[in-house]
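Quick caveat: nothing in here was measured; it's all calculated off a predicted structure. Residue numbers start from 1 in every chain, and the chains themselves are labelled A, B, ... in the order their sequence lines are given, proteins ahead of strands.
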2 protein chains.
Amino acid sequence: MADDVFKALADPTRRRILDELTDRTGQTLFEICGRLVTKHGLGLSRQAVSQHLAVLEAAGLVSTRREGRYKFHDLNTAPLEHIVTRWLGPKTPQTPQTPQTPESTP
Amino acid sequence: MADDVFKALADPTRRRILDELTDRTGQTLFEICGRLVTKHGLGLSRQAVSQHLAVLEAAGLVSTRREGRYKFHDLNTAPLEHIVTRWLGPKTPQTPQTPQTPESTP
DNA sequence: TTGATAGGCAAGTCATTGCTTGCCTATTGT
DNA sequence: ACAATAGGCAAGCAATGACTTGCCTATCAA
């Protein structure tokens, strides 16, 4: 579940793709390829980007819709919302580092 | 920078370790090992956990302090705060999926 | 109908990574 | 002093992952 989201976010190229979809949602595979090449210096094959998009879609971060021969990719930020709150305390933003002793000191 | 944070969060065992440090900060290596074995069924060697802690420390998610022969591990949630906001719009939590046409249609 | 465009599938390569094993150092208790 | 405890270092292994190459299908324009 959230496992796929973390794995999807692990790769820097996939994060770039999310950046591009944040800038402009509903892009096709070739558009994303072009942007990764021109805006960032990434030299990637089309299949590489396609596989990255598959990972992002499996994580629920990208949803796709087909129209004719085009396949548009839309960003879905929903899986990102409650991921990190797992470790951020509900009220305490900074745990004040209370020094503690080991659990069992035999 | 944030690159290391995402890579650190990619592994499920490392996320378990963060869970354990959230439950009780300032644990030693052996304590974390014990908890991973008993609470979750993970059969891990001491070195495996040690290497995971090294990755977490390199990402800034865990800070360590030495006292005698003990080394205490403290959770640091600071790097987690501004990571995901990169894709979450500043005001719009849900982008309403406006359908768009390809950039260049020759 | 033919060719160009947009995309998919599958096998293969190469680097990374998670984990183990073995040995070594430092601190503490008796 | 000696043994037990807490941890570190480094080489090795097996599995995953990112990327490429090659070929194949579907849609649209001429």
Asks: Starting at CG of D4(B) and ending at C1' of dT17(C), how long is that distance when rounded to a whole Å?
Replies: 15 Å
Asks: Do any N or O atoms from the side chain of T77(A) and from the backbone of L80(A) form a donor-acceptor pair under 3.5 angstrom?
Replies: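 Between the backbone of L80(A) and the side chain of T77(A) there is no qualifying donor-acceptor contact (under 3.5 Å).
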Asks: Please confirm whether the shortest side-chain N or O distance from K71(B) to OP1 or OP2 of dT27(C) is below 4.0 Å.
Replies: no
Asks: Under 3.5 Å, is there a donor-acceptor pair between the side chain of T38(B) and the main chain of G34(B)?
Replies: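 Looks like yes, one N/O pair under 3.5 Å.
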Asks: I want to check one thing: is the phosphate of dA6(D), taken as OP1 and OP2, less than 4.0 Å away from some side-chain N or O of T28(B)?
Replies: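 False: T28(B) side-chain N/O out of range (4.0 Å or more) of dA6(D) OP1/OP2.
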Asks: Donor-acceptor pair, distance only, cut-off 3.5 Å: does the side chain of R14(A) make one with the backbone of L9(A)?
Replies: no
Asks: Could you state the atom-to-atom distance from NE2 of H52(A) to P of dG17(D) in whole Å?
Replies: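 Rounded to whole Å, this separation is 12 Å.
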Asks: Taking CD from E31(A) and C1' from dG7(C), how many angstroms apart are they, rounded to a whole number?
Replies: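 E31(A) atom CD is separated from dG7(C) atom C1' by 14 Å.
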Asks: Can you tell me how far C1' of dC19(C) sits from CG of L42(B), to the nearest Å?
Replies: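 It is 13 Å, rounded to the nearest whole Å.
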Asks: Rounded to whole angstroms, how far apart are NE2 on H73(B) and C1' on dG8(D)?
Replies: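 For the pair H73(B) NE2 and dG8(D) C1', the rounded distance is 12 Å.
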Asks: Could you tell me whether K39(A) and D23(A) make a salt bridge, using a distance below 4.0 angstrom between a side-chain N and a carboxylate O?
Replies: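 Looking at K39(A) and D23(A), the cut-off is met.
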Asks: Ignoring hydrogens and geometry beyond distance, is the side chain of E67(A) in donor-acceptor contact with the base of dT27(D) at under 3.5 Å?
Replies: no
Asks: Could you give the OH-to-P distance, from Y70(B) to dG7(D), as a whole number of Å?
Replies: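 Distance check: Y70(B) OH to dG7(D) P gives 8 Å.
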Asks: Figure out the CG/P separation between D11(A) and dA15(C), and round it to whole Å.
Replies: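 After rounding, the reported distance stands at 17 Å.
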Asks: Let me know, please, whether Q47(B) or V55(B) comes out on the 5' side of the other along DNA chain C by nearest nucleotide.
Replies: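 Taking each residue's closest nucleotide, the earlier one in sequence belongs to V55(B).
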Asks: Please confirm whether the backbone N or O of I17(A) pairs with a side-chain atom of R35(A), one donor and one acceptor, at under 3.5 Å?
Replies: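 No: the side chain of R35(A) does not pair with the backbone of I17(A).
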Asks: Compare side-chain N and O positions of S45(B) against OP1 and OP2 of dT20(C) and report whether any pair is under 4.0 Å apart.
Replies: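 Answer yes for this pair, as a side-chain N or O of S45(B) is under 4.0 Å from OP1 or OP2.
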Asks: Counting only distance, no hydrogens or angles, is the base of dG29(C) paired donor-acceptor with the side chain of R69(B) under 3.5 Å?
Replies: no
Asks: Just the rounded figure in Å: distance from P of dT5(C) to CZ of R46(A).
Replies: 13 Å
Asks: Counting just side-chain N and O atoms, does K7(B) come under 4.0 Å of either OP1 or OP2 of dT16(C)?
Replies: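 Answer no for this pair, as no side-chain N or O of K7(B) is under 4.0 Å from OP1 or OP2.
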Asks: According to a strict under-4.0 Å criterion, is R14(B) in side-chain N/O contact with OP1 or OP2 of dG18(C)?
Replies: yes
